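Since the structure comes first, as structure tokens, the remarks are kept for the end.
Numbered from 1 within each chain, the chains take letters A, B, ... in sequence-line order. Only a predicted model underlies this, so the values are computations on that prediction, with no experimental measurement involved.
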Amino acid sequence: MRLSAYFLPLLKESPADAQIVSHQLMLRAGMVRQLSAGIYSWLPLGHAVLRRVEQIVREEMERAGCQEILMPSVQPAELWQESGRYEAYGKEMLRFLDRHERPMLLGPTHEEVVTDIFRRCIRSYRDLPQNLYQIQWKFRDEIRPRFGVMRGREFLMKDNYSFDLDFEGAKRSYDNMFQAYLRTFKRMGLTAIPMRADSGAIGGDMSHEFQILAPTGESEVFFDAAFEEIDFFADDLDIERLKELYAATDEQHDPSACPVPAERLRHGRGIEVGHIFYFGTKYSKALGATVTGPDGDDVIVEMGSYGIGVSRLVGALIEANHDDKGIIWPESVAPFRVGLINLRASDETCTAMTSDLDAKLRRAGVSTLYDDRNESPGVKFATMELIGLPYQVIVGPRGVKAGVVEVKDRRTGETVEMSPDAMLDRFAR
RNA sequence: CGGGGUGUAGCUCAGCCUGGUAGAGCGCCAGCUUUGGGAGCUGGAAGUCGCGUGUUCGAAUCACGCCGCCCCGACCA
């Protein structure tokens with residue numbers, strides 16, 4: 001992609017509205033624009049990251065055996081009256097009437113809809129377990145949206161729902177998700193700490209929230225150093241042991257009663273990006289989601305639900321990965337892998353060589369943003385640092401003369417000179 | 001919803017107290033120069049001063065009402 005043709009409205013100064021660093025950087029880097037309080041448009045650069053995050057989530061859901069569906073964002077109030085949550089939910093739920101004056105709502109979550117699908121389609125215990133997921137926009141009319149995309153009213157969420165015949169099955173489903181979540185966040189270069197959580201309005205009695213570590217996180221967390229050493233990708237991962245490991249927010253943490261020896265106790269700040277619940281038969285009972293069991297009796301199915309804040313993760317990733325110059329994308333979620341800089345667009349040799357490299361990178365399947373603008377070197381460097389692509393390939397008059405390009409690592413700032421062929425080799429898959 | 005703040009050009013902000021034909025920097029457009037860390041010169045475009053009502057000869061400025069946005073708190077992925 002050529003930068004001269006890319007829709008990338010950069011800002012030199014931070015808009016006054018943006019308070020936290022991820023919000024400032026997302027606006028400055030042209031990733032999002034606010035339409036209304038807590039409601040954002042995603043521009044090409046932000047959208048590219050959102051899609052990459054979404055794709056990692058999707059792949060890990062598929063690996064865990066879940067199947068993707070897509071449920072409506074507009075739902076009839078009737079269904080929520082059936083579960084009893086229409087009254088319980090409060091003003092966070094945006095309600096309105098359709099043209100026939102039927103009460104409708106914008107879905108803040110989808111337990112009712114998915115349970116309705118299940119009860120209409122599944123009859124036998126032989127069809128269990130099931131685990132359905134979607135990646136869909138939710139709307140919660142927060143009293144006070146803030147922190148940009150981290151706490152919007154409209155947000156993209158991955159939510160999935162498990163259906164099992166009995167508690168043992170439900171627990172297997174829960175543990176399966178537990179590991180899937182650890183893998184998902186790890187793939188994004190994040191350290192996720194699972195913490196025992198109170199089950200909120202959604203109900204249930206087995207629940208963990210997943211906090212990722214970022215210096216600017218909302219709450220302080222304390223945890224066993226073991227979390228940093230565990231291989232979350234291992235097939236024989238001991239979930240029970242993981243659940244026993246110490247992890248607590250600062251309100252829960254009592255230094256005098258902490259079971260972890262001081263040298264193994266880590267602490268940092270956390271941002272909640274995921275939450276998993278087991279809630280038994282709460283919705284299946286209310287909505288009549290039953291299957292015929294092995295002995296011919298109706299059995300109310302056991303359910304769990306599992307959420308990941310996909311759009312929030314984009315903000316959280318920036319909170320965890322930035323410096324004073326801008327964003328530093330982990331490779332797994334970067335909107336482009338390489339930023340190709342032509343330092344002197346007025347020099348024909350430089351331009352010919354850079355354009356040639358752009359074509360070759362493209363042919364090699366390396367996602368590249370090519371800064372072909374006729375701007376000064378300072379502007380181009382500043383742009384690349386701001387938007388945070390993992391690697392910069394710099395072509396300048398000096399290097400062209402010597403037959404080399406520079407490859408710069410955004411995170412470390414290290415620059416290595418190499419021949420164009422070596423560079424292509426370095427990035428080709 | 002309670003408390004606080006704010007609204008003037010795309011962005012950051014001055015002007016408001018003390019009423020008199022709307023400003024700066026950055027960005028944008030044109031031209032020339034420049035080119036290894038957010039360039040220089042010249043010229044130019046760009047604002048219903050959030051909206052409404054009122055006071056006044058005259059309102060960005062004063063009064064009243066409304067709206068948006070932001071911050072703190074209670075709530076949340």
Side-chain angles (χ1 to χ4, degrees), chain A residues 9-20 23-24 27-28 30 33-39 53 57 89-93 107-110 135-160 181 185 197-202 207-212 218-219 270-277 305-316 325-326 341-347 350-351 371 373-387 392 394-402 405-406 408 413 415 417:
Chain A
L10 301 173
L11 258 25
K12 205 175 260 189
E13 294 166 282
S14 287
D17 284 357
Q19 299 296 314
I20 60 164
H23 191 193
Q24 292 170 350
L27 291 169
R28 291 223 291 132
R33 282 291 114 105
Q34 179 169 321
L35 179 63
S36 181
I39 300 178
V53 170
V57 171
Y89 218 94
K91 287 190 152 181
E92 258 190 25
M93 181 191 276
T109 179
H110 283 77
I135 297 174
Q136 168 69 301
W137 292 94
K138 304 270 197 274
F139 194 94
R140 291 183 194 170
D141 200 358
E142 296 280 340
I143 295 168
R144 185 155 89 85
R146 61 185 124 171
F147 305 148
V149 119
M150 299 245 290
R151 179 73 179 283
R153 290 194 289 173
E154 188 184 51
F155 56 97
L156 189 62
M157 184 172 170
K158 184 287 303 175
D159 46 322
N160 60 310
Y181 272 39
F185 299 128
D198 293 333
S199 36
I202 212 161
S207 166
H208 283 83
E209 52 183 56
F210 290 76
Q211 306 247 1
I212 59 121
E218 33 200 350
S219 51
I271 300 172
E272 187 188 348
V273 291
H275 206 150
I276 60 179
F277 300 89
S305 79
Y306 317 87
I308 289 179
V310 174
S311 49
R312 166 179 281 194
L313 261 171
V314 177
K325 291 176 181 159
I341 300 180
N342 179 9
L343 276 190
R344 197 170 301 179
S346 59
D347 181 302
C350 276
T351 299
D371 191 346
R373 298 172 302 170
N374 188 16
E375 292 284 355
S376 70
V379 171
K380 294 191 173 184
F381 286 130
T383 297
M384 281 302 170
E385 313 278 276
L386 175 61
I387 68 175
Q392 295 163 25
I394 301 156
V395 180
R398 275 189 338 222
V400 166
K401 213 167 288 175
V405 298
E406 290 158 58
K408 182 169 166 185
T415 302
E417 288 193 349

Return the nucleotide paired to [N]: Watson-Crick means purine N1 to pyrimidine N3 with N6-O4 or O6-N4, wobble means G-U with N1-O2 and O6-N3, both under 3.5 Å.
| N | value |
| --- | --- |
| B:C1 | B:G73 |
| B:G27 | none |
| B:C32 | B:G40 |
| B:A45 | none |
| B:G19 | none |
| B:A59 | none |
| B:C66 | B:G50 |

Pairwise distance [atom1]([X]) to [atom2]([Y]) - rounded to 0.5 angstrom:
| X | Y | atom1 | atom2 | result |
| --- | --- | --- | --- | --- |
| A:Arg140 | A:Glu92 | CZ | CD | 7.0 Å |
| A:Leu313 | A:Met150 | CG | CE | 10.0 Å |
| A:Arg153 | A:Ser36 | CZ | OG | 5.0 Å |
| A:Asn342 | A:Asp371 | CG | CG | 8.0 Å |

Has [X] got a side-chain N or O lying under 4.0 Å from the OP1 or OP2 atom of [N]?
| X | N | value |
| --- | --- | --- |
| A:Gln19 | B:C72 | no |
| A:Ser36 | B:C69 | yes |
| A:Lys12 | B:G27 | yes |
| A:Ser376 | B:A39 | yes |

Looking at B:G36, does its base get a donor-acceptor pair with the side chain of A:Glu406 below 3.5 Å?
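Indeed, a donor on one side and an acceptor on the other fall under 3.5 Å apart.
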
Can you find a donor-acceptor pair, distance only, under 3.5 Å between A:Glu13 side chain and B:G25 base?
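When only heavy-atom distances are counted, A:Glu13 does reach the base of B:G25 through a donor-acceptor pair under 3.5 Å.
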
Whole angstrom value for the distance that separates [atom2] of [N] from [atom1] of [X]:
| X | N | atom1 | atom2 | value |
| --- | --- | --- | --- | --- |
| A:Leu343 | B:G38 | CG | P | 12 Å |
| A:Arg344 | B:A39 | CZ | P | 15 Å |
| A:Leu386 | B:G27 | CG | P | 15 Å |
| A:Lys91 | B:C76 | NZ | P | 17 Å |
| A:Leu11 | B:G38 | CG | P | 19 Å |
| A:Asn342 | B:G36 | CG | P | 13 Å |
| A:Asp159 | B:C76 | CG | C1' | 15 Å |
| A:Ile39 | B:G68 | CD1 | P | 12 Å |

I want to verify a distance call: between [options], whose nearest atom is closest to the [X] side chain?
| X | options | value |
| --- | --- | --- |
| A:Arg151 | B:C76, B:U35, B:C70 | B:C76 |
| A:Pro377 | B:G27, B:U12, B:G36 | B:G36 |
| A:Lys408 | B:U35, B:G37, B:A77 | B:G37 |
| A:Arg144 | B:G37, B:U35, B:A74 | B:A74 |
| A:Glu92 | B:C26, B:G36, B:C76 | B:C76 |
| A:Phe381 | B:G37, B:C71, B:U12 | B:G37 |
| A:Asn374 | B:G37, B:U34, B:C76 | B:U34 |
| A:Arg146 | B:A77, B:C69, B:C75 | B:C75 |
| A:Arg398 | B:C69, B:G36, B:C13 | B:G36 |

Mapping A:Arg312 and A:Val400 to their closest nucleotides on RNA chain B, which lands nearer the 5' end?
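Result of the comparison: A:Val400.
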
Could you pick out which residue, A:Glu154 or A:Glu375, lies toward the 5' side of RNA chain B when each is mapped onto its nearest nucleotide?
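Residue closer to the 5' terminus by nearest nucleotide: A:Glu375.
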
Is the ring centre of A:Phe155 under 5.5 Å from the base ring centre of B:A77, and are the two planes under 30° apart, so that they stack?
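Whether judged by distance or by angle, A:Phe155 passes, so it stacks on the base of B:A77.
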
Any ion pair linking A:Glu154 and A:Lys138 (charged N to carboxylate O, less than 4.0 Å)?
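Answer for the salt bridge query: no.
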
For a 4.5 angstrom cut-off between non-hydrogen side-chain atoms, does A:Val395 reach A:Leu343?
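The answer is no; the side chains never approach within 4.5 Å.
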
Once you measure the plane-to-plane angle for A:Tyr181 and A:Phe185, does it fall in the parallel (<30°), tilted (30-60°) or perpendicular (>60°) bin?
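Because their plane-to-plane angle is over 60°, the rings of A:Tyr181 and A:Phe185 count as perpendicular.
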
Least distance between heavy atoms, A:Arg151 atom then A:Arg312 atom:
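That would be CD-NH2, 4.1 Å.
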
Once you apply a heavy-atom cut-off of 4.0 Å, does A:Gly326 come out as touching a base, just sugar-phosphate, or nothing?
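Contact class for A:Gly326: none.
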
